[in-house]
**Student:** 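Please find one structure pasted underneath; my questions will follow.
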Amino acid sequence: MARGLFRRYGYTEVRTPIFEEAELFVRSTGETSDIVRKEMFFFRDKGGRELALRPEGTAGVVRAYVEHGMYKLAQPVKMWYFGPMFRHERQQKGRYRQHTQIGAEVLGSDDPLVDVEVIALLYAIHRSAGVREEVIHLNNLGDAETRRRYIPELRAFLERHRSELDPDSVARIGTNPLRTFDSKDPNTQAVLREAPLIGEYLSEEAAAYLSAVREGLEALGIPHTLDERLVRGLDYYTSTVFEAKSPLLGAQDTVGAGGRYNRLVEELGGPDVPGIGFGTGVERILLAARGWEPETSLDAFFVTLSPEARLPALRLAEALRAEGFACELDYAGRSPKGQFRQADRLGASYAVVLGEEELSGGFCTVRDMRSGEERRVPVSEGPKELLRALAR
RNA sequence: GUGGCCGUAGCUCAGUUGGCAGAGCAUCGGAUUGUGGCUCCGAAGGUCGCGGGUUCGAAUCCCGUCGGUCACCCCA
């Protein structure tokens, strides 16, 4: 499903290792991030190398980009991936120690329309998987100049209200004041309603970039909202950030999220190349997509009344399956009555009965499970007659 | 990493002051020698999460441990 979408958007699949040097994730995600501090599955191999199960997908893709010199290709390079991610943490609804992410990364362009495309792709994946009522929350964390002006203001504000904040938020004043916006503490939230917002401090370039992205989303009719309190827990984000939220999810309401990381390639040893990407959780998509049941329909259930009938029944079932019909047989040694019950339970359209009479007469009895009507269908020449009977 | 709740039959759960391990649903069979749904009758199914301890006796009390779940932190 997602594979087809990626093809249409021009992304090629990459497969990166499930575990890598721990240092890669520390450098990319940030030493102070919780992912690194407490959520990595960490281990040493026999040579003493420090490895970690990947907690997210971007770092591996960027490493591959640098390592394989993909910056020498025509830019941008558009890639996608699919696979398991690991976080060592207590689980709850919508959060697991191992989960599956679908992700995309675009490296080598800082065109705002790339941002729009990436968000549109995320939205399309969710739509086609059945996620409804989804809204894209959008923000811009600004460039270096923006932050140079904004962070001191925010920090000063938080200091003035230090006594009203929860302990976690107080601790962040020094390390990462932006993250105080993530607090769910009601008192902290109340204080932050008065806090200076980054929008007023955006540099001219950053502000223009943000409105270009918004115009693009507008043009595509993607429901979105500017959320100036949206910050992200990974340190590598710059400029555009976004989260796709669904009200159907509970405490973990983000289905997929991502943003720009214009400094990351260089930090991982490559040239100064901008990038953007998203990751989206398959398990959360399934939670947010309301039950679209596969509706298994069964065309025929074979009822065998004697052991001698089992092989002929199996042969007929195989022939019908080859023609595209869904067929089942009894493998539980049920009584005839039990086999009809099972046929009913499975929602079979027809029961095909094979017993002594049928075997010696060269026919089978086809029962319409809805009406109860029964007909004898000759099978001595093979399954052709039976096929016709079922296709009716 | 922090806190709450929960681990008993396939599923949902009862289980009294410690005294033979239960119900409903589901499964299988019978009532109907080869015919489903409804009804009735019956059968099968359990290391009571695991390991210690207390006791004549533990699903029940104590300690430990593992797992699940929800929330916090954080994140997909």
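Each chain gets a letter, A, B and so on, in the order the sequences are listed, and its residues count up from 1.
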**Student:** Could you tell me how far B:U12 sits from B:G19 if I compare only their C1' atoms? Round to whole Å.
**Tutor:** 28 Å
**Student:** Figure out the CG/C1' separation between A:Leu287 and B:U69, and round it to whole Å.
**Tutor:**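 A:Leu287 atom CG is separated from B:U69 atom C1' by 14 Å.
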**Student:** Given the C1' atoms of B:C20 and B:C6, what is the spacing between them in whole Å?
**Tutor:** 27 Å
**Student:** Report the stems of RNA chain B as range-with-range entries sorted by first number; a stem here is at least three consecutive pairs, Watson-Crick or G-U wobble, both distances under 3.5 Å, and write none if there are none.
**Tutor:** B:1-7 with B:66-72, B:10-13 with B:22-25, B:27-31 with B:39-43, B:49-53 with B:61-65
**Student:** Return yes when atom CZ of A:Arg149 has more than 12 non-hydrogen atoms of other residues, nucleotides or ligands closer than 6.0 Å, and no otherwise.
**Tutor:** yes
**Student:** Expressed in angstrom and rounded to an integer, what is the separation of A:Arg97 atom CZ from B:A76 atom C1'?
**Tutor:** 16 Å
**Student:** C1' atom, B:C11 versus B:G30: distance in rounded Å?
**Tutor:**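 25 Å, rounded to whole Å.
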**Student:** Answer yes or no: does atom CD of A:Glu21 have more than 12 heavy-atom neighbours from other residues, nucleotides or ligands under 6.0 Å?
**Tutor:** no
**Student:** Please report the closest heavy-atom contact between A:Leu141 and A:Val241, naming both atoms and the distance.
**Tutor:**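 In terms of heavy atoms, the two residues are closest at CD1-CG1, 3.6 Å.
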**Student:** Do any side-chain nitrogens or oxygens of A:Arg90 fall under 4.0 Å of OP1 or OP2 in B:G67?
**Tutor:** no
**Student:** Check this one for me: any side-chain N or O of A:Arg54 less than 4.0 Å away from OP1 or OP2 of B:A76?
**Tutor:** no
**Student:** Mind checking if A:Tyr96 touches a base, just sugar-phosphate, or nothing, with heavy atoms under 4.0 Å?
**Tutor:**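 Base contact.
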**Student:** Which part of the nucleic acid does A:Ala257 contact within heavy-atom distance under 4.0 Å: base, sugar-phosphate only, or nothing?
**Tutor:**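 Sugar-phosphate contact only.
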**Student:** Is the count of non-hydrogen atoms from other residues, nucleotides or ligands lying under 6.0 Å from A:Arg49 atom CZ greater than 12?
**Tutor:** no
**Student:** Strictly under 4.0 angstrom, non-hydrogen atoms only: write out the protein contact profile of nucleotides 29-38 of chain B, one letter per nucleotide from the 5' end, B, S or -.
**Tutor:** SSB--BBBS-
**Student:** Please state how far atom CG in A:Leu230 lies from atom P in B:A76, giving the value in whole angstrom units.
**Tutor:** 11 Å
**Student:** So does A:Glu13 have more than 12 non-hydrogen atoms from other groups sitting under 6.0 Å from CD?
**Tutor:**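 Yes, enclosed.
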**Student:** Need one value for A:Gln91: base, sugar-phosphate or nothing, where a base atom within 4.0 Å counts as base even if backbone is also close, heavy atoms only.
**Tutor:**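 Touches a base.
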**Student:** Please give the distance between the C1' atoms of B:G4 and B:U8 as a whole number of Å.
**Tutor:** 22 Å
**Student:** What interatomic distance, in whole Å, is found between P of B:A9 and the corresponding atom of B:G49?
**Tutor:** 8 Å
**Student:** Using the C1' atom as the point on both nucleotides, what is the distance between B:U54 and B:A14, in whole Å?
**Tutor:**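 The same atom, C1', in both gives a distance of 27 Å.
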**Student:** When the P atoms of B:G42 and B:A23 are compared, how many Å lie between them, rounded to an integer?
**Tutor:**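 B:A23 and B:G42 have their P atoms separated by 12 Å.
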**Student:** With C1' as the reference atom in both, quote the distance from B:C5 to B:G45 in angstrom, rounded to an integer.
**Tutor:**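 Going atom to atom, C1' in each nucleotide, I get 29 Å.
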**Student:** Counting only heavy atoms from other residues, nucleotides and ligands, does the tally under 6.0 Å from CZ of A:Arg15 exceed 12?
**Tutor:**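 Not buried by this count: 12 neighbours or fewer within 6.0 Å.
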**Student:** Whole Å only: how far is the CG atom of A:Asp182 from the P atom of B:A71?
**Tutor:** 17 Å
**Student:** Give the rounded distance in Å between these two atoms: CZ of A:Arg95 and P of B:G68.
**Tutor:** 14 Å
**Student:** Does B:A71 have OP1 or OP2 sitting under 4.0 Å from an N or O in the side chain of A:Gln92?
**Tutor:** yes
**Student:** With the threshold set at 4.0 Å, does a side-chain nitrogen-carboxylate oxygen contact exist between A:Glu328 and A:Arg345?
**Tutor:** no
**Student:** Parallel, tilted or perpendicular: which fits the ring planes of A:Phe41 and A:His88, with parallel below 30° and perpendicular above 60°?
**Tutor:** perpendicular
**Student:** Please identify each residue that fulfils side chain to side chain donor-acceptor pair (under 3.5 Å) with A:Gln75, with sequence neighbours left out.
**Tutor:**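 Testing A:Gln75 for side chain to side chain donor-acceptor pair (under 3.5 Å), a comparison that skips the adjacent residues, returns A:Tyr65.
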**Student:** Give a yes or no on whether a salt bridge exists between A:Arg232 and A:Glu243, defined as a side-chain N under 4.0 angstrom from a carboxylate O.
**Tutor:** yes
